[in-house]
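So the structure is just underneath, and the comments pick up after that.
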Amino acid sequence: MSSYDSFEDFPAPAPRISDLARVHGPDYLAGLNTEQRAAVEATEGPVLVLAGAGTGKTRVLTTRLAHILATGRAKPWELLVVTFTNKAAREMRERITAIIGPQAEGLRWLGTFHSVAAQVLRRHAELVGLKSNFTILDTDDQERLIKQVLEVENVDAKRWTPKTLAGLIDHWKNRGWTPDRLPANEGREFAAGKGQALYRLYQERLRVLNACDFGDLLLHNLTIFMSQPEVLAEFHRRFRYILVDEYQDTNVAQYLWLRLLGQASQNVCCVGDDDQSIYGWRGAEVDNILRFERDFPGATVVRLERNYRSTSHILAAASGLISANKGRLGKTLWTEQNGGEKVIVRGVWDGEAESRLIADEIERAKKGSTDKDPRKYRDMAILVRASFQMRAFEERFVLLSIPYTVVGGPRFFERAEIRDAHAYLRLIQSPDDDLAFERIVNTPKRGIGDTTVQKLLQIARLSGVPVMTAAREVVLTDELAARTRTALANFIRDLDRWRGQAETLHHARLTEQVLEESGYTDALRLDKTPTAQTRLENLKELVQSMGNFDTLQAYLEHVSLVMDMDRGPQADAVQIMTLHAAKGLEFPLVFLPGWEEGVFPSQRSMDESGEKGLEEERRLGYVGITRAREEARISFVANRMVYGRWTSQLPSRFVDELPLANVEASSETGYYGGGPGMQQQHGSSWDATPAFGSGYDSPGWQRAQARGYQGSHPGRQQVIQGEGRLVAESSAASDFKRGDRVFHQKFGYGQVKGVDGNKLTVAFEKAGDKKVIDSFVEKG
DNA sequence: CACCAAGGACTTTTT
DNA sequence: GTCCTTGGTG
């Protein structure tokens, strides 16, 4: 009992019902629709809230919390509130604070699954053979550790890669399987049946290092809850209400965790949307949400079906697409925003044409027109299936000076230089951190090579001591060459000195000093590449961000669980991101390029997960379309460069599944598109496409054409070209004026004599007379 | 031990 | 096409 005292050690006073009622009254319920209100007020027993896209899910969650608190059903620290991402947790906390005020600080158990599980584990680490100050390894550390295990076991690490095993182990942990609970047939195919043994060895190594990986946080919780009923009972008393966001994304381990914690009170409220489950590839089980009513008998099920985000055409297009999925709980979303534009779909010639088209439309939307208000760049987003699709857009935007930001990408704390700096700090804090030692013993290069490191590792392993200890002993012998020995001794001496200073020096200052004295920053300064420049800046940013934490320990704890950092205020820029990254966001105008078989739906998804994979891809499409408030534009190409190879593409089956009543072909399609009659262009970048038109005769393209998605004008486009290379491009004939020198694919150079709508009158030097043209004009 | 060339991989992404 | 790892050579 006493070990839980500190649970109540929250900074804010407990909210008093009277205060809440006085300050907020019944106000917080105002403005909710009937269903939302039902979800908020169902405070007894299990509740499943099926919240369709844009139906006010977060609002319901936060209001429900406020309601439970305001009606005195629980104290803030008696609520368990779990989300998947730090961002979601942060947002939730902010929004609750807005309703209930500073008492929200008492919400001690609001966080991600992993951060809450880490808190639980710190209390009871000894029950699974860890100390409460265990370190949390990220995927990088994890893979290096697995690599070592493979080496020790003489497994051919080329045939059986650490990555593969890491993936397997992760999969097992997601399913709640410890080495002991692993089904006999699992891991058979890895390293001639050694999978299970390797898993066991890896867990053993983790325990010795007093470390755990992300999967362990939950898995150890499960082990504790299942083997120690009195510990579980404590948490049953603790958590009177449980709230779960994005329930459709929970994996088996998380599901078991929730069920164990919720079985006593039954006050489990899960919010989610089975149609937006897009993380199956990392262990999410849509099944969890599909069978909620069986798991929690007597559950109240509330469907939020009124969408406040999108127009009816957008909603209907998305609903039509998702209706092709089987095994849904089923919802009928509706909106009062009738009309609006239909979803525009079109087929274009290749990836270049696609980015050209979208960039042009962005420029046009930015400018506005007589019937449309100008849009801000930030109100437009391009949502792609895979990041390789982003490059075409970036190149185009750079060319046209359209501001853009790529959302996602490699994250701050995962960058090599940041991880290096952390490794120094970790090693200063705990000399036994072997993984940190290995990472930086020769970073920057100080003459301690692979051979030496391997030797140290071997000695450490043989005598069962940390590598640092082994190194200390080795420098006293003559086992190493004199030069190596000196380098290693200096390294150890430096670390000891920094460790001594750590007690008095602020950790931000210490970091600065370590980076300087280790030669790390010097090495970067000598490197004149732009990358090195960025890295130096990142390190500066790191030192700055450390100032927000009281102790080094607090800082390190933060970065291991919170792998993101608040980016500064968003500039006005077009947002480019993957469909996955777009979840939870919305934009007035959304572009959905690359709807081609194999790209989207992704071939790999279908190969690896068959029908299930295809359905998840379809949900991804649903998520994509429902991000749009006012306009959604889907496109697909005939030819696409993938990893340096030209491939001919077929329109995605999802294109066929869109309800015709809610989609239309763009009136300008022909401007960019290549119809079946398109001719091969010489002297342009098109020369490089060997796959000319091959897809056009296919049933897929014929269906697309029948739906009107293909341009009726065969292959018109306008290009500005210089030195044989594409340097810029015009979007319309109106970009030309009388007197401009132009180049035409067929007629050569000429001068513009007149502009009329989309037609130019040009006097060509070679042809010797004036021609009216509407295509293939390039500024010369 | 450091450097360079060749070979292979390469969805999605959180914690 | 690009990035990263690995293997060979100086």
Side-chain angles (χ1 to χ4, degrees), chain A residues 82-89 111-118 136-143 147 157-158 161-164 167 170 173-174 212-219 246 249-251 253-254 277-284 351 383-392 395 407-411 413-414 416 442 444-454 480-481 483-484 487 531 557-564 577-584 594 598-609 613 616-617 619-620 623-624 640-647 688:
Chain A
V82 276
T83 63
F84 274 85
T85 64
N86 291 299
K87 193 176 155 209
T112 62
F113 273 97
H114 289 85
S115 70
V116 172
I136 301 166
L137 303 187
D138 60 23
T139 33
D140 208 81
D141 288 328
Q142 192 187 355
E143 269 173 38
K147 196 174 171 197
K158 267 188 221 125
T161 64
K163 220 190 178 89
T164 312
D170 219 48
K173 289 183 175 175
N174 284 342
C212 62
D213 60 27
F214 287 122
D216 278 340
L217 292 173
L218 277 146
L219 195 60
E246 306 277 15
D249 287 334
T250 48
N251 60 37
Q254 287 158 336
S277 169
I278 56 174
Y279 285 105
W281 49 275
R282 65 175 205 223
L383 312 183
V384 297
R385 176 62 183 87
S387 41
F388 75 80
Q389 295 170 266
M390 292 179 178
R391 214 187 57 215
E395 278 172 3
V407 178
R411 280 164 316 146
F413 289 116
E414 277 165 12
N442 199 31
K445 307 241 187 302
R446 48 171 74 89
I448 303 168
D450 240 15
T451 330
T452 314
V453 174
Q454 288 308 318
L480 299 173
R483 224 171 47 188
T484 317
T531 330
E557 172 79 14
H558 174 82
V559 295
S560 59
L561 278 173
V562 185
M563 296 293 279
D564 67 354
M577 66 189 90
T578 63
L579 287 161
H580 284 90
K583 191 159 152 205
V599 174
F600 182 56
S602 144
Q603 192 58 49
R604 197 155 156 185
S605 268
M606 294 188 290
D607 289 349
E608 282 174 9
S609 314
E616 181 154 313
E617 295 288 308
R619 290 193 290 268
L620 215 38
V623 168
R640 188 180 290 285
M641 178 95 97
V642 184
Y643 299 140
R645 305 224 158 255
W646 280 104
T647 53

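Here is how names work: the chains are called A, B, and so on, in the same order as the sequence lines, proteins then strands, and each is numbered from 1. Because the structure is a prediction, the values reported are computed rather than measured.
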Any donor-acceptor pair, under 3.5 Å, between the side chain of A/Arg385 and the base of B/dT11, if you only look at N and O atoms? no
Taking only side-chain nitrogens and oxygens of A/Thr452, does any of them come within less than 4.0 Å of OP1 or OP2 of B/dC1? yes
When rounded to the nearest 0.5 angstrom, what distance separates CG in A/Asp249 from CZ in A/Arg282? 7.0 Å
Going from CD on A/Glu246 to OG1 on A/Thr83, what distance comes out if it is rounded to the nearest 0.5 angstrom? 9.0 Å
Can you figure out which of B/dT14, B/dT13, B/dT11 approaches the side chain of A/Ala581 most closely? B/dT13
Which pairs, protein N/O on one side and nucleotides 2-7 of chain B N/O on the other, fall under 3.5 Å?
none

Check whether any side-chain nitrogen or oxygen of A/Ser387 sits under 4.0 Å from OP1 or OP2 of B/dT12, and answer yes or no. yes
Side chain of A/Thr484 - closest among B/dT13, B/dC1, B/dT15: B/dC1
Taking only the side-chain nitrogens and oxygens of A/Arg604, find out if one of them lies under 4.0 Å from OP1 or OP2 of B/dT11. yes
Pick the nucleotide of DNA chain B nearest each of A/Leu579 and A/Lys163; which residue has the one closer to the 5' end? A/Lys163
Who are the side chain to side chain contact (heavy atoms under 4.5 Å, CB included) partners of A/Arg604, not counting sequence neighbours? A/Ser602, A/Glu608
Using a cut-off of less than 4.0 Å, is there contact between a side-chain N or O of A/Thr112 and OP1 or OP2 of B/dT14? no
Return the set of residues passing ring pair (Phe, Tyr, Trp, His ring centres under 6.0 Å) with A/Tyr279 (not counting sequence neighbours), or none when no residue passes. A/Trp281, A/His580
Using nucleotides 1-4 of chain C, report all nitrogen or oxygen pairs with the protein that are shorter than 3.5 Å.
{"unit_1": "C/dG1", "atom_1": "N7", "unit_2": "A/Tyr643", "atom_2": "O", "d": "3.3"}

For B/dT14, take OP1 and OP2 only and decide whether either is under 4.0 Å from a side-chain N or O of A/Asn86. no
Contact list (N/O, under 3.5 angstrom) for nucleotides 6-10 of chain C vs protein:
{"unit_1": "C/dG7", "atom_1": "OP1", "unit_2": "A/Lys158", "atom_2": "NZ", "d": "2.8"}

Contacts of A/Ser387 that satisfy side chain to side chain contact (heavy atoms under 4.5 Å, CB included) - sequence neighbours left out: A/Met390
Distance-minimising heavy-atom pair for A/Gly111 and A/Ala89: CA-CB, 4.1 Å
